Undergrad: 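Structure incoming, see below.
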Amino acid sequence: MRKIYSLFLITLLLASCGGKKEKSVQDVIASNDLAKIREKKASLDTQMQTLSDEIKILNDKISELDTNKKIPLITVLSAKEEAFNHYLELQGAVQTKQNVLIYPEMPGLLVRIYVKEGQYVKKGQTLAKIDDGGLANQLAQIEAQAALAETTYKRQKRLWDQKIGSEIQFLQAKTNYEAQTNAVSQLRRQLAKSVITAPFSGVIDDVIKEQGTVVAPGMGSEVFRIVNLKNMYIETDVPESYITSIKKGKNVEVEFPVLGEKLTSKIRQAGNFINPANRTFKVEVGVPNHEGKIKPNLTAKLKINDYSNEKAILIPQSIISENANGEQYVYVVEDIKDQVGTAKQTIITTGKTQEDIIEVLSGIESGTKIIKEGARSVKNGQEVKVLAVSQ
C-alpha cells in the first residue's frame, strides 16, 4: 500500500515538472554551466525533501488506518519477588572415621580366630588369640608370690601397729608387697596384648591373616579390618573464595548417582586450613546410613547452599542481551492497552545464576512486564502485541 502511494506522488511530481517545460538534467549538464547545474541540483534536493516529508505523513496515516499491519507478537513475564537459593555444586567421597585396620600388639603365633568376615561385633569383643609364649604361667607364679607378699605385709603391719618388731621389717614387707603387685599388673597388661579385641562396634569387613600365621606389631601385619557404617560423612574440597559463605550448619543436597538416591543434610565441620597446593579447604557433611547402603569411598554429588535471598527477582537467562558497552538489558512492555503496548529497552544488573535462572539486582521492580518469547525480534520503542502474561 505504501509503495502505491509513493509511486503516485512521484508520477504526479514528474507530470507537474513536465508542464512547466523545465530543462532536463541532461540538458543542464550539456550546457556546462556550473551555476545552472548547482541550481538544478538544489531544486531537485528541495523536491526530494518535500516528497520524503509527505511520504512520511502518508505512512503514519496508513499505519493508523491499516488494520492488517504487522505487529510483533510476544509473551511477557510479570516480575515478582520470590525466595532464591544458590547452590555450589561439588563432588565428594563418603568416609567414615570408624574404618580401621587392627594390628597385633605383641609378636607370636596366631593360634585362634573367633570371628569371620561380615560378622557384627561389639566393642571389646575378642577377635583372635596370639600364643603368649608362657606369659600366663609367669603370671600365675608372680600372682602366688604377690599373695605371699600381701600376707607377710599384713602380718608385719599388725605387729607394727602393736609396736612389735622393727620398722625396717615392716617397710621391707610393704615394699615387697607393692613391687609384687606392680609386677602382676604389668604382666597382666602384657598378657592382655595376646588377645585382639574390637576397638569399637562394627562389622568385620576383612580377615586378613589366617589362623596359624606368625604375626608381629608393625606395618604388613594387619589381622582384621573393622568398619562401622553408622557414623558416615562426605568429605570434599571447597575453593577458598567460598570461605565466608560455606560454614558449619549450611544446608546441603546430597545425591548418590550409583544408588539413585538423594537426601538433605548439613555441613557438620568446615576446615580452618587452606591447602596451599590447590587453595581449598575441607568440609564434612554428615550422612545418615540407617539401611547400610552407603559405603566408604562412594562418590557423591553435593549442592551446598552458599547464598539465599528471600525477596529476589528472577528471570530466564535466555531473554538477556548485551549491548556494545557490555551492559546487559531486557525489553519490558509499557502502556499496555487492549493487549498492545510499547517495548522499552531496560539496562539491568544481575547477580548469581542457578541453572537457567538469574537474579536481577537492579533495573527491574516487582510487577514489571518483561518480554519473554519474542524478545529477540523487537526494537526499542516498537509497538508489540501481548499474547500471554505468565507469573
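Here the structure is a predicted model, which means the values were calculated and not measured.
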Undergrad: Does one hydrophobic cluster hold both Leu171 and Tyr177, with members joined at side-chain heavy-atom distances below 4.5 Å?
TA: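 Yes.
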
Undergrad: May I ask you to decide if Gly367's main-chain N or O and Lys369's side chain share a donor-acceptor pair within less than 3.5 Å?
TA: yes

Undergrad: Please list every donor-acceptor pair under 3.5 Å in which a side-chain atom of residues 103-117 meets a protein atom from a residue at least two apart or in another chain.
TA:
unit_1: Tyr103; atom_1: OH; unit_2: Glu222; atom_2: OE2; d: 3.1
unit_1: Glu117; atom_1: OE2; unit_2: Val207; atom_2: N; d: 3.3

Undergrad: For Ser308 and Asn85, which I'm curious about, is there any donor-acceptor pair between the side chains at under 3.5 Å?
TA: yes

Undergrad: Should we count CD of Glu322 as having more than 12 external heavy atoms under 6.0 Å?
TA: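 Atom CD in Glu322 is packed in, count exceeds 12.
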
Undergrad: Has Lys352 got its NZ or CZ under 6.0 Å from the middle of the six-membered ring of Phe84, at an angle within 45 degrees of the ring axis?
TA: no

Undergrad: Given 3.5 Å as the limit, does a donor-acceptor pair link the side chain of Ser221 with the main chain of Ala216, or not?
TA: yes

Undergrad: Answer yes when Glu334 and Lys344 have at least one side-chain N-carboxylate O distance shorter than 4.0 Å, and no when they do not.
TA: yes

Undergrad: Less than 3.5 Å apart, any donor N or O on the side chain of Gln141 or Asn137 sitting next to an acceptor on the other?
TA: no

Undergrad: Among side-chain atoms of Gln98 and Asn228, is any donor-acceptor pair under 3.5 angstrom?
TA: yes

Undergrad: If a pair satisfies salt bridge (Lys or Arg N to Asp or Glu O under 4.0 Å) and one of its residues is in residues 170-182, list it, with sequence neighbours excluded.
TA: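 Listed by first then second residue: nothing to list.
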
Undergrad: Show your reasoning for whether side chain to side chain donor-acceptor pair (under 3.5 Å) applies to Asp27 and Ser24.
TA: CA-CA 5 Å; Asp27 293 338; Ser24 66; 3.1 Å; yes

Undergrad: Would you please say whether a donor-acceptor pair under 3.5 Å links the side chains of Thr350 and Gln328?
TA: yes

Undergrad: Using atom types as modelled and distance alone, determine if a side-chain donor or acceptor of Thr299 lies under 3.5 Å from a backbone N or O of Pro257.
TA: no

Undergrad: Is any NZ, NE, NH1 or NH2 atom of the basic residue among Lys293 and Glu261 found under 4.0 Å from an Asp or Glu carboxylate oxygen of the other?
TA: yes

Undergrad: Between Thr368 (side chain) and Ile364 (backbone), is there a donor-acceptor pair under 3.5 Å?
TA: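 No, because the side chain of Thr368 does not come within donor-acceptor range (under 3.5 Å) of the backbone of Ile364.
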
Undergrad: Let's go through Ser321 and Arg376 carefully: what are the C-alpha distance in whole Å and the side-chain angles of both, what is the deciding distance for side chain to side chain donor-acceptor pair (under 3.5 Å) to 0.1 Å, and is it a yes or a no?
TA: CA-CA 8 Å; Ser321 300; Arg376 303 291 183 182; 2.5 Å; yes

Undergrad: If we count only N and O atoms by modelled type, under 3.5 Å, do the side chains of Gln47 and Ser43 hold a donor and an acceptor together?
TA: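 Present: a donor and an acceptor within the cut-off.
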
Undergrad: Specify the closest pair of heavy atoms between Ile102 and Thr197, including all atoms of both residues, with the distance to one decimal.
TA: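 Scanning both residues completely, I find the closest heavy atoms to be CD1-O, 4.5 Å.
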
Undergrad: Is it true that Glu359 and Tyr307 share a donor-acceptor pair across their side chains at a distance under 3.5 Å?
TA: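 Side-chain D/A pair, Tyr307 to Glu359: present.
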
Undergrad: To the nearest 0.5 Å, what is the distance between CG on Leu73 and CG on Leu387?
TA: 5.0 Å

Undergrad: Would you say that more than 12 heavy atoms from the other residues, nucleotides or ligands in this model lie under 6.0 Å from the CD of Gln145, or not?
TA: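 Check passes, neighbour count above 12.
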
Undergrad: Applying the 4.5 Å side-chain criterion to the ILVMFWY set and letting contacts propagate, would Ile226 and Val203 be lumped into a single cluster?
TA: no

Undergrad: Any ion pair linking Lys250 and Asp306 (charged N to carboxylate O, less than 4.0 Å)?
TA: no

Undergrad: Distance alone, cut at 3.5 Å: any donor-acceptor contact between the side chains of Asn251 and Lys266?
TA: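 Their side chains do contain a donor-acceptor pair, which is all the 3.5 Å distance test asks for.
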
Undergrad: I'd like to know if the side chain of Asn305 and the backbone of Tyr87 have a donor-acceptor N/O pair within less than 3.5 Å.
TA: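 Side chain of Asn305 to backbone of Tyr87: no pair is present.
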
Undergrad: Please list all pairs passing the salt bridge (Lys or Arg N to Asp or Glu O under 4.0 Å) test where one or both residues lie in residues 179-207, with sequence neighbours left out.
TA: Glu143-Arg188

